[in-house]
Amino acid sequence: MLILGIETSCDETAAAVVEKTAAGFVVRANVVASQVKIHARYGGVVPEVAARNHVGKIIPVIDAALKTAKVKPAQLDRIAVTVGPGLITSLLVGVQTAQALAMVWRKPLIPVNHLRAHIYAAWMPDIGKLRITHYALRSGKNSQSVIRNSKIIQFPVIALVVSGGHTELVLMNQAHHFRLLGQTLDDAAGEAFDKVATMLGLPYPGGPALAALADCGDPRAVCFPRPLAKRRDSNFSFSGLKTAVRYYLRDHRTRGRALADVAASFQAAVVDSLVPKTVAAARQHQAKTVILGGGVAANHALRRELGLAVAALGADFRVPDFADCTDNAAMIATAGWFGQAKDWRKIRVDANRPIDAR
Ligand code: KG4
Ligand code: ZN
C-alpha cells in the first residue's frame, strides 16, 4: 500500500510517500521545507506568515515527494493529512490541499492526529532505507540520510510525547487505543527549552541550540527545581522551572562556561521531571515498550536517560531517528496506515484536537 502524507500543522511544509509492505514500513520519500529562517527574525512562529508560506510551498513539496518516490498519483492507495492539533491557519492549507487531491485523484482521505503521528513515528521504518530530503525550495539543495532498521513493537506501550506545544504521557493497549495518563499543567517541555534558550541569548529555534550548549556544561552546577517530581500522578509542570532559571540569571553573573552550566542544569531538571514519571507509568501498566516522540525526543540527554531507565526495567525502548522526531510527513503517512478514511467533505481541522479524541 502506498500512502501520501501531508503535514502543515506549524512551520514545516512536509510531504512523504510511505509504502506498507508485509514486512513493515518503507519510506520512499520524505520532503520537509522548513520555515525556520523566516521565523527566526521574529523569535518565534508567526501564524499568518507560516500559513502564507505553506500556500506557496505545499504543491512543490508534494510534487517533490512523488518525484523522489517515483510514484504517480494513480499508484497511491490513500492520502493522510494532519487535521490537528496545530495552528489553525497552517492546518487549513494542508487539509484543503489534501481534500482537493482526494477529490481529483479519487483517493481515500485519512485525517491524522499530529500527536499520535509523533508516536507512530516509532514504527518506521521496519525495513529498507529511509531517505530524508531536506528540501530547500529556493536553492533546490537536497541532503539525504539513511536510517537504521527496527523490530516489532509490543503492547502495552507507554508513550511520552514531548513537543513544542505538548507534553503528554499516554497508554496504548493496542495500536488504535490511546489513553491520556497525564500532561503538562502549564508550558510544554519544548516551549520551556525555547524560552530558556531566549533567556540565555541563544538563536531561534532555541531547543537544539540550548541542547548543544548544555553538552559543554555541568548538569550539577545549579540545582534547579524538579516541579511535581514528588507527586504520584503523571502530570508535569515547567513554568516554575523556567522562572527559576530567570531568577538565577538575574541574580548571578553568567558568561561563557557559566552559561553552559545553566543550560546543562536546566536540561537535567527537564530530564529528571520526565524520566521517573514515564518509568513509573511503564511499571504500573507493565509496559512491554516505551516510546519517546516529538521534537524534544531529539534531545540526546533525554534519549540516553530514558533509554537507560527503560532498559533497567526490562522493557523495549523505541525512539525515532533524530530527523524523524521533529515535524515531518513520513510520520503522518505512517499514522495514515493505522487510521480510517473519512469522506473528504466531512473532514475538518481541529486546532486543539486531543490525543485521545475518537
Ligand atoms: O514536534 P515538533 O517538531 O513541533 C511541534 O509539534 O511542536 O517540536 C518542536 C520542539 C521545539 O520546541 C524545539 O525547540 C524542540 O522541539 N527541540 C528540542 C531539540 N530539538 C527540537 N528540544 C530539546 N533538545 C533538542 N535537541
Ligand atoms: Zn510536532
Side-chain angles (χ1 to χ4, degrees), residues 5-14 16 30 32-36 39-40 43-45 47 50 81-87 90-91 94 112-122 132 134 159-168 183-184 187-200 202-217 219 238 241-242 263-264 266-271 273-275 291-306 319-332 334-335 351-353 355:
I6 298 174
E7 153 67 35
T8 62
S9 68
C10 190
D11 61 341
E12 322 276 10
T13 319
N30 193 6
V32 181
S34 175
Q35 301 179 15
V36 158
H39 297 283
V45 177
V81 64
T82 308
V83 294
L87 301 171
S90 289
L91 288 164
V112 169
N113 180 310
H114 181 86
L115 298 175
R116 291 186 182 190
H118 272 306
I119 298 175
Y120 286 129
I132 296 239
H134 287 284
L160 175 67
V161 185
V162 271
S163 70
H166 297 84
T167 302
E168 303 196 345
Q183 60 186 319
T184 182
D187 291 355
E191 193 180 349
F193 263 96
D194 294 337
K195 287 185 176 155
V196 169
T198 306
M199 292 178 208
L200 295 173
L202 296 170
Y204 174 86
L210 192 153
L213 182 63
D215 282 346
C216 321
F238 294 104
L241 169 60
K242 195 182 63 185
F266 162 77
Q267 181 174 270
V270 174
V271 171
S273 304
L274 294 169
V275 173
I291 294 176
L292 175 64
V296 184
N299 185 275
H300 286 279
L302 179 58
R303 294 165 83 96
R304 186 182 58 235
E305 296 304 320
L306 188 57
V319 57
D321 200 86
F322 289 97
D324 294 340
C325 291
T326 45
D327 292 349
N328 65 83
M331 69 182 196
I332 306 303
T334 303
N352 299 312
R353 193 171 183 80
I355 197 162

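Numbering of ligands and ligand atoms starts at 1, following listing order.
In this structure, Ser163 contributes its side chain and Gly294 its backbone to no donor-acceptor pair below 3.5 Å. Gln35 places a side-chain N or O within 3.5 Å of a backbone atom of Ala50 that can act as its donor or acceptor partner. The closest donor-acceptor contact from the side chain of Thr8 to the backbone of Ser90 lies under 3.5 Å. In terms of modelled atom types and a separation under 3.5 Å, the side chain of Thr167 and the main chain of Ala189 share a donor-acceptor contact.
Below 3.5 Å of separation, one finds no N or O of Phe193 facing any N or O of ligand 1. Residue-to-ligand polar distances keep Thr326 apart from ligand 1: every N/O pair is separated by 3.5 Å or more. The distance criterion of under 3.5 Å between nitrogen or oxygen atoms is not met by Gly206 with respect to ligand 1.
Protein heavy atom in closest approach to atom 17 (N) of ligand 1: Gly295 O, 3.6 Å. Nearest protein heavy-atom neighbour of atom 13 (C) of ligand 1: Asp194 OD1, 3.8 Å. Scanning the protein for heavy atoms near atom 24 (N) of ligand 1, the closest one is Asn299 ND2, 3.0 Å. Of all protein heavy atoms, the one lying nearest to atom 22 (N) of ligand 1 is Gly207 CA, 3.7 Å. Residue, atom and distance of the protein heavy atom nearest to atom 15 (C) of ligand 1 are Val296 CG2, 3.9 Å. Regarding atom 10 (C) of ligand 1, its nearest protein heavy-atom neighbour is Gly164 N, 3.6 Å.
Contact analysis leaves Cys10 out of contact with ligand 1, as no non-hydrogen atom separation drops below 4.0 angstrom. Heavy-atom separations between Gln267 and ligand 1 are all 4.0 Å or longer. Residue contacts with ligand 1: His114 is included, with a non-hydrogen atom under 4.0 Å away.
For His166, no heavy-atom contact with ligand 1 is shorter than 4.0 Å. Residue-level proximity to ligand 1 for Glu12 is absent, since no heavy atom of it falls below 4.0 angstrom. Residue contacts with ligand 1, taken as heavy atom pairs separated by less than 4.0 Å, do not involve Pro205 at all. In Asp327, the parts holding a heavy atom less than 4.0 Å from any atom of ligand 1 are both the side chain and the backbone.
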Check step by step if ring pair (Phe, Tyr, Trp, His ring centres under 6.0 Å) holds for Phe266 and Phe193. CA-CA 9 Å; Phe266 162 77; Phe193 263 96; 5.2 Å; yes

From CA spacing to verdict: side chain to side chain contact (heavy atoms under 4.5 Å, CB included), Arg353, Ser9: CA-CA 12 Å; Arg353 193 171 183 80; Ser9 68; over 6 Å; no

May I have the step-by-step check of side chain to side chain contact (heavy atoms under 4.5 Å, CB included) for Arg116 and Ile355, ending in yes or no? CA-CA 6 Å; Arg116 291 186 182 190; Ile355 197 162; 3.8 Å; yes

Using side chain to side chain contact (heavy atoms under 4.5 Å, CB included), reason through Lys242 and Met199 one step at a time and then give a plain yes or no. CA-CA 9 Å; Lys242 195 182 63 185; Met199 292 178 208; 3.6 Å; yes

Before giving the answer on side chain to side chain contact (heavy atoms under 4.5 Å, CB included), spell out for Leu302 and Val270 the whole-Å C-alpha distance, their side-chain angles and the decisive distance to 0.1 Å. CA-CA 8 Å; Leu302 179 58; Val270 174; over 6 Å; no

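Gln267 CD to Asn299 CG: the interatomic distance, rounded to the nearest 0.5 Å, is 4.0 Å.
Restricting Asp327 to its N, O or S atoms, the one at the least distance from the Zn ion (ligand 2) is OD1. The Zn ion (ligand 2) sits nearest to atom NE2 when only the N, O or S atoms of His118 are considered.
Checking Asp327, Asp324, Asn328 one by one against His118, the side-chain hydrogen bond (donor to acceptor under 3.5 Å, both in side chains) holds for a single residue, Asp327. Residue Pro85 forms a side chain to side chain contact (heavy atoms under 4.5 Å, CB included) with just one option from Leu91, Asn113, Asn352, and that option is Asn113.
Residue Cys10 does not count as close to the Zn ion (ligand 2), with no N, O or S atom under 2.8 Å. The Zn ion (ligand 2) has no N, O or S atom of His166 under 2.8 Å away, backbone or side chain.
Near Gly165, the atoms of ligand 1 lying under 4.0 angstrom from a non-hydrogen atom of the residue are 7 (O). Short contacts between ligand 1 and Ala211, defined as distances under 4.0 Å to a heavy atom of the residue, involve ligand atoms 24 (N), 26 (N). Residue-ligand proximity, Gly190 to ligand 1, at heavy-atom distances under 4.0 Å covers atoms 12 (O). Numbered from 1 in the order shown, with element, the atoms of ligand 1 that lie under 4.0 Å from a heavy atom of His118 read 1 (O), 6 (O).
Phe322 and His300 have tilted rings, their planes meeting at an angle from 30° to 60° on a 0 to 90° scale.
Counting only heavy atoms from C-beta outward, the side chains of Cys10 and His39 never approach each other to under 4.5 Å.
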